[in-house]
Protein chains: 2
Amino acid sequence: MHDRIEITRAEDAGAKGFEKVFAFLRARLLAGDLKPGDRLLPERELAVILGVSRPIVREALRALTVLGLVEIKDRVGTVVRRPDVSVLNDFFAFAIAQATDVVDDVMQARIAIECQAIRLAAARATIADFERLGAALARIAPTIHDPEAGARADYDFHRSLVRASGSETLAVLYDAMAEVLMTSHVGRRRTLDAFGEIRTYLIEDHRRLFQAVVERDPERADRLLREHFAIGDEFRRKAAIGEMRPAASA
Amino acid sequence: MHDRIEITRAEDAGAKGFEKVFAFLRARLLAGDLKPGDRLLPERELAVILGVSRPIVREALRALTVLGLVEIKDRVGTVVRRPDVSVLNDFFAFAIAQATDVVDDVMQARIAIECQAIRLAAARATIADFERLGAALARIAPTIHDPEAGARADYDFHRSLVRASGSETLAVLYDAMAEVLMTSHVGRRRTLDAFGEIRTYLIEDHRRLFQAVVERDPERADRLLREHFAIGDEFRRKAAIGEMRPAASA
DNA sequence: GTCCGACCGTGGTCAGACCAATAAGCACGA
DNA sequence: TCGTGCTTATTGGTCTGACCACGGTCGGAC
């Protein structure tokens with residue numbers, strides 16, 4: 001059952017056309033009195049009320065749609081939704097398409113977020129968080145020779161850390177980079193699988209991180225995580241310059 | 001003089017209407033062969049080529065516009081632009097409009113980003129960075145009784161830290177929260193101005209941070225910055241529960 | 001009371017028209 | 001030949017009106 005939201009007065013912002021409609025709807029959404037699930041007036045009504053043609057209303061609604069703020073349902077109407085983090089995924093995808101050598105830089109953001117998250121997790125994690133982390137940890141060893149599944153397992157472990165932080169903002173930012181991070185995880189797992197020396201690193205390091213969180217030691221957790229990243233970087237460096245020997249056949 | 005980009009073949013994605021056009025343009029942008037400044041074909045041509053009506057093309061272009069990916073110039077055409085970080089500001093503004101008590105959580109992201117940034121700054125800052133930081137530092141004392149200007153000065157100092165990190169990604173994320181952070185800075189400066197005990201904190205703490213960066217000590221810089229945030233939180237807590245005395249009249 | 005058909009409402013899209021404004025091209029005059 | 005003025009073409013901005021698809025609701029008939 002939808003609540004129909006009465007939009008009764010056009011705001012006079014000196015704008016007209018698309019800008020007027022977009023600003024009007026944006027203001028309503030920002031005012032916070034439209035809640036997810038609320039349905040806006042039909043396009044034809046909005047057009048009359050705002051004194052514009054229907055295609056202009058549609059342009060504005062489309063714009064809000066790609067921002068993840070509303071959803072246009074065919075033959076139903078336009079429904080307010082929670083801000084959709086996948087918008088940010090697109091943003092980063094586009095930014096990266098236009099840049100060079102950004103992946104390493106995104107790693108800085110990853111480090112920033114995860115190190116803060118693990119501090120918070122050590123302070124705030126719930127039993128459910130520990131269970132999630134434990135389950136993710138258990139998936140690391142069996143996937144040691146499968147870069148795709150292994151990347152998934154790695155990502156899940158780290159994402160569980162962020163979740164255990166209890167910080168929605170950190171989670172949003174982390175999820176915004178999900179695709180980039182997954183690509184990075186796959187690449188790293190491929191590199192590590194090609195060289196056999198580092199299985200203990202992967203399994204033991206993740207276990208140590210888990211332990212630090214469980215033992216509620218934010219400083220140690222942060223430090224171990226930074227070391228975890230630094231060791232990963234070192235392996236990558238060695239692989240790049242040929243200091244590592246390929247694994248004997250598995 | 002614009003480069004006209006020939007879009008010669010519609011991708012068959014099984015979609016139609018808006019989705020078809022949006023996906024097509026999105027793919028072209030993601031392919032990375034459209035550069036900022038490039039001009040897309042006129043709307044009428046795109047409509048013919050893609051076999052849709054012009055309002056549908058417009059909807060798709062509008063969508064790309066609000067994502068900051070292109071700019072529709074009246075009577076000129078649609079021009080590719082660099083991804084615009086202000087999109088993210090809107091995202092956070094909307095997210096906050098729909099949530100309660102998010103500002104404190106955004107602070108976690110701020111801490112994450114700045115602490116990583118100051119580590120990188122201590123390692124990477126250039127002379128120009130030091131000059132920017134120094135100039136921002138010099139603006140803190142004279143604005144001590146002016147919450148608006150003071151907030152600006154505070155923000156500038158911290159933004160300079162992020163810039164000195166040399167990490168574009170950290171800068172993007174930080175700028176995404178610029179409006180939220182400015183609001184937070186204003187509020188903090190107002191609170192601190194109402195209570196006079198903390199002028200030394202503001203001026204001296206920022207100076208210490210600057211010093212740690214100049215002396216290229218990432219660990220100390222990180223620690224001092226965390227303490228800086230913790231002290232700010234403590235002042236806020238005391239103000240909230242009435243433990244601080246209002247300042248004698250200035 | 002149940003089922004079926006018709007109608008209404010809503011978004012999705014199309015076609016065609018008009019407007020505004022700038023830039024480019026052409027013609028004419030000095 | 002060059003400069004100026006006028007006209008035309010181009011492009012986005014918007015409007016109007018029409019049609020389509022389809023789901024939901026209501027009313028009527030059995």
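The chains referred to below are lettered A, B, ... by the order of the sequence lines, with proteins before strands, and numbering in each begins at 1.
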S.K.: For B:I72 and D:dT14, what is the distance between atoms CD1 and C1' respectively, to the nearest whole Å?
M.R.: 13 Å

S.K.: Distance alone, cut at 3.5 Å: any donor-acceptor contact between the side chains of B:R152 and B:H185?
M.R.: no

S.K.: What N/O pairs connect the protein and nucleotides 20-24 of chain D at under 3.5 Å? Give each pair on its own line.
M.R.:
{"from": "D:dC22", "atom 1": "O4'", "to": "A:R75", "atom 2": "NE", "distance (Å)": "3.3"}
{"from": "D:dC22", "atom 1": "O4'", "to": "A:R75", "atom 2": "NH1", "distance (Å)": "3.3"}
{"from": "D:dC22", "atom 1": "O3'", "to": "A:R75", "atom 2": "NH2", "distance (Å)": "3.1"}
{"from": "D:dC22", "atom 1": "O2", "to": "A:R75", "atom 2": "NE", "distance (Å)": "3.1"}

S.K.: Of all residues at least two apart in sequence or in a different chain, which pass the ring pair (Phe, Tyr, Trp, His ring centres under 6.0 Å) check with B:F210?
M.R.: none

S.K.: Looking at residues at least two apart in the chain, or sitting in another chain, which of them share a side chain to side chain contact (heavy atoms under 4.5 Å, CB included) with A:T183?
M.R.: none

S.K.: Residues in side chain to side chain donor-acceptor pair (under 3.5 Å) with A:R62, at least two apart?
M.R.: B:E59

S.K.: Output all residues satisfying side chain to side chain donor-acceptor pair (under 3.5 Å) with A:T126, sequence neighbours left out; order by chain, then residue number.
M.R.: A:D129

S.K.: Hey, can you pull the residues of residues 53-61 of chain A with a non-hydrogen atom under 4.0 angstrom from DNA chain C?
M.R.: A:R54, A:R58

S.K.: Once you round it to whole Å, what is the distance between C1' of C:dG9 and CG of A:L41?
M.R.: 14 Å

S.K.: Between atom CD in A:E43 and atom P in D:dC19, what is the gap in whole Å?
M.R.: 19 Å

S.K.: Between A:R139 and A:T143, is the side chain to side chain donor-acceptor pair (under 3.5 Å) condition met? List the steps.
M.R.: CA-CA 7 Å; A:R139 285 199 293 276; A:T143 59; over 6 Å; no

S.K.: Partners of B:D146 by side chain to side chain contact (heavy atoms under 4.5 Å, CB included), sequence neighbours excluded?
M.R.: B:E148, B:A149

S.K.: Grab the NZ-P distance between B:K20 and C:dG12 for me, whole Å please.
M.R.: 17 Å

S.K.: Round to a whole Å and report the spacing from CG of A:L46 to P of C:dG12.
M.R.: 13 Å

S.K.: Excluding sequence neighbours, so at least two apart, what forms side chain to side chain contact (heavy atoms under 4.5 Å, CB included) with B:A123?
M.R.: none

S.K.: Nearest whole angstrom, please: distance from the P of C:dG11 to the CG of A:L64.
M.R.: 14 Å

S.K.: Mind checking what makes side chain to side chain contact (heavy atoms under 4.5 Å, CB included) contact with B:R159, not counting sequence neighbours?
M.R.: B:Y155, B:V162, B:R163, B:A171, B:Y174, B:D175

S.K.: Nearest whole Å is fine: how far is C:dT10 P from A:E71 CD?
M.R.: 18 Å

S.K.: Please give, in whole Å, the distance from C:dT22 C1' to B:R39 CZ?
M.R.: 12 Å

